[in-house]
2 protein chains.
Amino acid sequence: MRRDLVTAAVNLFTAQGYDETTVDDIAASAGVGRRTFFRYFKGKEDAVSPDHELGLARIAEVFATAHPTEPLLSVVLRAGETVFDLYLSDPGTARKRFALVHEVPALRDREAAMVHRYRRLFTKELAARLAGVEDGDLRAAVTGAAVVAAHNQALRRWLADGGTSEGTEACRAHFRKVADMLPLEQAPDLEQVARRLERAARSLERRA
Amino acid sequence: MRRDLVTAAVNLFTAQGYDETTVDDIAASAGVGRRTFFRYFKGKEDAVSPDHELGLARIAEVFATAHPTEPLLSVVLRAGETVFDLYLSDPGTARKRFALVHEVPALRDREAAMVHRYRRLFTKELAARLAGVEDGDLRAAVTGAAVVAAHNQALRRWLADGGTSEGTEACRAHFRKVADMLPLEQAPDLEQVARRLERAARSLERRA
DNA sequence: TGTTGAATGGCACGGAGTGCCGTTAGAGTG
DNA sequence: CACTCTAACGGCACTCCGTGCCATTCAACA
């Protein structure tokens with residue numbers, strides 16, 4: 001039933017435009033009444049991509065069930081990949097949604113709001129795991145935003161390349177590559193290593 | 001006139017709630033007709049924080065007029081601070097807006113959409129300046145998101161601390177500190193420094 | 001067979017946003 | 001002062017979104 005309404009909405013939106021399609025059109029196309037539509041969706045915009053709640057829940061689950069000793073970057077990557085799987089499981093509708101979201105202002109704004117929730121979730125989980133670290137919540141905010149941006153960048157490239165199923169592994173590799181440049185464990189370690197080596201070099205120089 | 005409508009809207013929203021305030025209420029409170037309201041604002045949500053277009057324009061101007069040899073981090077910091085000035089110039093209404101935006105879902109979503117536009121702008125400008133660099137647009141996307149997150153984090157902390165005008169310099173310092181952990185020039189340089197120092201240490205050790 | 005509960009759909013209402021048009025104020029001419 | 005022209009204003013009416021209310025249907029169950 002939900003599925004029927006979603007497909008009807010996506011088809012009508014792509015065929016005759018978002019603003020030109022009324023909720024009555026969608027309901028009639030799915031063979032139900034207008035009132036029933038609003039029982040399944042909070043609004044007209046929700047008829048496209050109703051899976052975000054599921055994605056958020058899966059990310060939260062990954063963080064909740066992760067072993068405390070697992071490296072933070074590993075947890076983040078696993079959380080991101082669960083969302084990938086949601087998209088990769090249905091590349092066809094993912095492409096249609098992508099096109100719609102990127103040309104209809106109302107849907108673009110709604111997508112931005114959802115991305116905002118993803119970012120907030122990552123930031124919250126990272127902050128909980130960076131408690132005590134110097135500027136922990138700052139690092140969490142910056143890293144959370146970077147993670148979500150990397151994720152979106154990987155998805156966008158995959159979709160721009162046609163959304164073929166062969167590219168799914170490239171999509172994941174892309175996300176990992178971007179995640180490697182995040183300021184998680186890497187940056188502080190490098191700084192520390194540099195300082196330590198600098199001191200060692202100076203002391204050795206004095207000895208020589 | 002715009003200003004009257006904005007203050008009327010903010011006051012009514014805070015006093016009796018967003019959903020409970022109609023556009024007629026706002027227009028009547030400002031002494032104009034309902035139709036006039038929609039000539040000044042695209043919608044009810046625009047009556048709060050109508051300065052985002054100006055902020056986006058100022059950022060674009062900073063990037064457009066920056067000298068080509070100026071370090072990228074410096075340009076980013078200057079662009080961010082022009083937006084700070086927009087908030088810091090009127091701390092009182094900034095606090096009211098902050099409270100409203102963070103408790104009204106519709107305004108929160110709209111704010112997220114605006115943050116999305118800021119992020120897109122930074123990403124675009126960074127990508128143009130990272131052309132040719134390995135994974136330039138990936139770095140641009142990640143860095144743009146990180147910059148905006150750092151900016152928001154600094155603003156949020158400033159507002160959470162009461163939004164006093166004495167904290168404006170602390171706000172800027174905060175933004176700079178967070179920007180320092182961004183993967184712009186720093187991370188590659190650090191890596192290079194570490195490798196160079198490692199080699200120097202090994203050669204000194206062999207000599208000793 | 002009677003009953004209960006959940007899903008449905010029709011109806012009506014309030015509010016957002018928009019097009020149209022008459023009215024008015026205010027600036028610039030003779 | 002009288003006239004005109006332009007731009008903003010405000011009222012009116014309309015479409016559509018979203019929601020509360022209620023009657024209907026249908027299936028499960030005692």
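Per chain, numbering begins at 1; letters A, B, ... match sequence-line order.
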| note | Arg2(A) CZ to dA7(C) P, in whole Å, measures 11 Å

| note | From the candidates dC21(D), dG18(D), dA16(C), the one with an atom nearest any side-chain atom of Arg39(A) is dC21(D)

| Sole residue of Val6(A), Leu12(A), Thr7(A) in side-chain contact (heavy atoms from CB on, under 4.5 Å) with Val10(A) | Val6(A)

| Closest to the Arg34(B) side chain: dG10(D), dG17(C), dC17(D)? | dG17(C)

| task | Rounded to the nearest angstrom, tell me the gap between atom CG in Asp4(B) and atom P in dC9(D). | result | 12 Å

| task | Find the distance Leu107(A):CG to dC17(D):P and express it as a whole number of Å. | result | 13 Å

| query | When you check the phosphate oxygens OP1 and OP2 of dA8(D), does a side-chain N or O of Tyr40(B) lie under 4.0 Å from one of them? | reply | no

| said: Just the rounded figure in Å: distance from P of dT18(C) to CG of Asp46(B). | reply: 10 Å

| Over all atoms of both residues, closest heavy-atom pair of Val142(B) and Ala150(A) | CG2-CB, 4.2 Å

| field | CZ (Arg120(A)) with more than 12 external heavy atoms under 6.0 Å | value | no

| field | Distance in angstrom units between Phe41(B) CZ and dA16(C) C1', rounded | value | 16 Å

| message | Just the rounded figure in Å: distance from P of dG15(C) to CD of Gln16(B). | response | 11 Å

| task | Using the salt bridge (Lys or Arg N to Asp or Glu O under 4.0 Å) rule, take Asp137(A) and Lys124(A) through it: C-alpha gap first, then chi angles, then the decisive distance, then the call. | result | CA-CA 9 Å; Asp137(A) 48 351; Lys124(A) 188 188 107 193; over 6 Å; no

| Residues Thr82(A) and Asp85(A): side-chain donor-acceptor under 3.5 angstrom | no

| task | Let me know the distance between CZ of Arg35(A) and C1' of dA23(D), rounded to the nearest Å. | result | 14 Å

| field | Donor-acceptor side-chain pairing of His151(A) and Tyr118(A) below 3.5 angstrom | value | no

| note | What one should report as the nearest heavy-atom pair of Ala27(B) and Gly33(B) is CB-O, 3.5 Å

| message | Need to verify one output field. Residue with the more 5' nearest nucleotide on DNA chain C, Glu45(B) or Gly31(A)? | response | Gly31(A)

| said: If you take any heavy atom closer than 4.0 Å to DNA chain C, which residues from residues 17-28 of chain B end up in contact? | reply: Thr21(B), Thr22(B), Val23(B)

| task | To the nearest Å, give me how far apart CZ (Phe37(B)) and P (dG19(C)) are. | result | 17 Å

